[in-house]
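Take this structure, written in structure tokens, and hold onto it; I'll ask about it next.
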2 protein chains.
Amino acid sequence: MTKVQPRLAEFMPYRLSVASNAVSNRIAADYKARFGVNVPEWRVMAVLGDVGALTQRQLVGATFMDKVAVNRACKVLADRGLVARSPNDSDGRSHLLELTDSGREMHGQIMPLALRLEAQLLECLTAAEQRSLRKILDKLFAQVRDSDRD
Amino acid sequence: MTKVQPRLAEFMPYRLSVASNAVSNRIAADYKARFGVNVPEWRVMAVLGDVGALTQRQLVGATFMDKVAVNRACKVLADRGLVARSPNDSDGRSHLLELTDSGREMHGQIMPLALRLEAQLLECLTAAEQRSLRKILDKLFAQVRDSDRD
DNA sequence: TTGCTTCGGTTGCCAGTGTAACCGTCTCGG
DNA sequence: CCGAGACGGTTACACTGGCAACCGAAGCAA
């Protein structure tokens, strides 16, 4: 407790932010360069290709993105003909979003790329570290979610 | 390799981003509410209070922020009287930035808060996990930094 | 049915961030 | 010296992401 000031470089939230941003930027640049999509758009495509037709509301739940972000991503993807809106019979307020043929084709190219990038990123970690990271991130996220009071 | 689509939720960069953003937003809101500073401003104050007088160039190296971000943060802090610019005798292009008395006082309040927030965040992790996280984040960051080719 | 509330979605606005161009100073070769 | 290029810092501009207000449809109570 003498004079050993805590250095910024030792501050965990700072490290987390720096590492996460570096990873995100790197991957986002690849997506953008190869497919012309940004991260929100990529997330929407990934989920739609995985799960099938969803409403924007469901996409919000699946991606942890803001509803506005989801809306914008869907709009861009629809304009590019990668997803199609079909009316939702059970609720006139929303539409069902689904990949078109060309959207499904891009999804088929994008997911392997994503897995390659992930593998490339994680190759510097041992299998135990990868498992550990997964667990730790979940814990941290839950911890923040829970501490809404105080 | 049958039909097990990789779900977005299993994608590590996605998890990293979600967790990191949650942590950052939570902490940033606290800084803003209690001291009226944003993250870049907080980082500059933390470094200046720790190291002493620095140029903006040195702050860029110490915080991994863009030089524009550093400049803006310094401008705001200077306008609020928290840091002072003194001429740099050895280089007329830059100034030395240093905490003022009131800046030092705020630093004395802000760092304990930062440590409390960090402790509160990390309390959901074991000591081993905390060490592991530190190591993993460093590895990931280095990995991204290195893979600028490809 | 009518009226109120909730909800999905959309739009507009604002803060934060990155990029690019620019200015004054330094450095170094000639 | 002096001129070209590098560099620290600053400004202007474009882009991104989030919040808040708003709109139309659905749910529900009376």
Side-chain angles (χ1 to χ4, degrees), chain A residues 14 17-18 20-29 31-33 36-44 48 53-79 83-98 144 148, chain B residues 14 17-18 20-29 31-33 36-44 48 53-79 83-98:
Chain A
Y14 167 73
S17 171
V18 169
S20 172
N21 287 339
V23 169
S24 288
N25 291 339
R26 179 75 170 72
I27 293 183
Y31 290 159
K32 193 72 170 190
V37 298
N38 61 23
V39 171
E41 288 153 20
W42 178 84
R43 288 183 182 175
V44 167
L48 290 183
L54 293 179
T55 66
Q56 289 187 187
R57 181 80 183 114
Q58 292 171 312
L59 281 169
V60 167
T63 60
F64 279 99
M65 296 194 298
D66 190 85
K67 64 177 181 175
V68 181
V70 168
N71 182 348
R72 281 193 271 245
C74 290
K75 189 162 165 31
V76 171
L77 294 175
D79 287 348
V83 310
R85 298 173 129 91
S86 57
N88 183 356
D89 295 336
S90 64
D91 191 331
R93 294 171 298 181
S94 62
H95 294 265
L96 286 176
L97 295 151
E98 201 170 7
V144 173
D148 276 342
Chain B
Y14 166 73
S17 172
V18 168
S20 172
N21 287 339
V23 169
S24 287
N25 292 340
R26 180 73 171 72
I27 293 182
Y31 291 158
K32 193 71 171 189
V37 297
N38 60 23
V39 171
E41 287 154 19
W42 177 84
R43 287 183 182 176
V44 166
L48 290 182
L54 292 178
T55 65
Q56 290 187 186
R57 180 78 184 115
Q58 291 171 313
L59 283 170
V60 167
T63 60
F64 278 100
M65 296 194 297
D66 190 86
K67 65 177 180 175
V68 180
V70 169
N71 182 354
R72 281 192 272 244
C74 290
K75 187 162 168 29
V76 171
L77 294 176
D79 288 348
V83 311
R85 297 173 130 91
S86 56
N88 182 356
D89 295 336
S90 63
D91 191 332
R93 293 171 300 182
S94 62
H95 294 265
L96 286 176
L97 295 152
E98 202 170 6

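Just so you know, these numbers use all the heavy atoms, side chains as well, and skip hydrogens, waters and symmetry mates. On a predicted model such as this, the values are computed, not experimentally measured, just so you know. Residue numbers begin at 1 in each chain, while the letters A, B, ... track the order of the sequences.
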key: Non-neighbouring partners of A:Thr63 that pass side chain to side chain donor-acceptor pair (under 3.5 Å), sequence neighbours left out   =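 Per chain and number, A:Thr63 pairs via side chain to side chain donor-acceptor pair (under 3.5 Å) with no residue.
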task = Tell me, please, which residues at least two apart from A:Ser24 pass side chain to side chain donor-acceptor pair (under 3.5 Å).
result = none
request  = For A:Asp91 and for B:Arg85, locate the closest nucleotide of DNA chain D by heavy-atom distance; then report the residue assigned to the nucleotide nearer the 5' terminus.
outcome  =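 Nearer the 5' end of the strand: B:Arg85.
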query = Of B:Val68 and A:Lys67, whose closest DNA chain C nucleotide lies nearer the 5' terminus?
reply = A:Lys67
ask   = If we only count heavy atoms from C-beta on, is the A:Met65 to A:Val44 side-chain gap below 4.5 Å?
value = yes
request  = Please list, chain by chain and in numerical order, all residues satisfying side chain to side chain donor-acceptor pair (under 3.5 Å) with A:Asp91, sequence neighbours excluded.
outcome  =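 Partners of A:Asp91 by the side chain to side chain donor-acceptor pair (under 3.5 Å) criterion, ordered by chain and then number, come out as A:Arg93.
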request  = Answer whether the closest heavy-atom distance between the side chains of A:Leu59 and A:Leu48 falls below 4.5 Å.
outcome  =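 Yes, their side chains come closer than 4.5 Å.
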inquiry  = Please enumerate all residues that pass side chain to side chain donor-acceptor pair (under 3.5 Å) together with A:Asn38, with sequence neighbours excluded.
reply    = A:Glu41
query = How far does SG of A:Cys74 sit from CG of A:Asp79, to the nearest 0.5 angstrom?
reply = 11.0 Å
task = Heavy atoms of chain B, cut-off under 4.0 Å: which first and last nucleotide of DNA chain D, 5' to 3', fall inside that, if you could look?
result =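 Under 4.0 Å from chain B, the extent on DNA chain D is D:dC7 to D:dT11.
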task = List for me each residue that meets salt bridge (Lys or Arg N to Asp or Glu O under 4.0 Å) alongside B:Asp66, sequence neighbours excluded, and say none if there are none.
result =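 B:Asp66 satisfies salt bridge (Lys or Arg N to Asp or Glu O under 4.0 Å) with no residue once adjacent residues are dropped.
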key: Rounded to 10 degrees, the angle between the two terminal axes of the helix from C:dT1-D:dA30 to C:dG30-D:dC1, each from five pairs   =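 End-to-end axis angle for the helix from C:dT1-D:dA30 to C:dG30-D:dC1: 10°, rounded to 10°.
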inquiry  = Tell me every residue that passes salt bridge (Lys or Arg N to Asp or Glu O under 4.0 Å) with A:Arg57, counting only those two or more places apart in sequence or in another chain.
reply    = none
key: Test item: B:Pro40 and B:Arg72 side chains (from C-beta on) under 4.5 Å apart, heavy atoms   = no
inquiry  = When you compare the side chain of A:Leu97 with that of A:Arg85, does any pair of heavy atoms fall below 4.5 Å?
reply    = yes
request  = Can you sort out the partners of B:Phe64 under side chain to side chain contact (heavy atoms under 4.5 Å, CB included), two or more places apart, ordered by chain and number?
outcome  =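 So B:Phe64 forms a side chain to side chain contact (heavy atoms under 4.5 Å, CB included) with A:Tyr14, A:Val18, B:Phe141.
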request  = Give the first and the last nucleotide of DNA chain C, reading 5' to 3', that has any atom under 4.0 Å from a heavy atom of chain B.
outcome  = C:dG16 to C:dC26
Sequence-distant partners of A:Ala84, side chain to side chain contact (heavy atoms under 4.5 Å, CB included), two or more places apart = A:Thr100
ask   = Among residues 53-65 of chain A, which contact DNA chain C at a heavy-atom distance under 4.0 Å?
value =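 Those residues whose heavy atoms fall under 4.0 Å from DNA chain C, taken from residues 53-65 of chain A in numerical order, are A:Thr55, A:Gln56, A:Arg57.
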Residue closer to the 5' end of DNA chain D, A:Arg93 versus A:Asp66 (nearest nucleotide) = A:Asp66
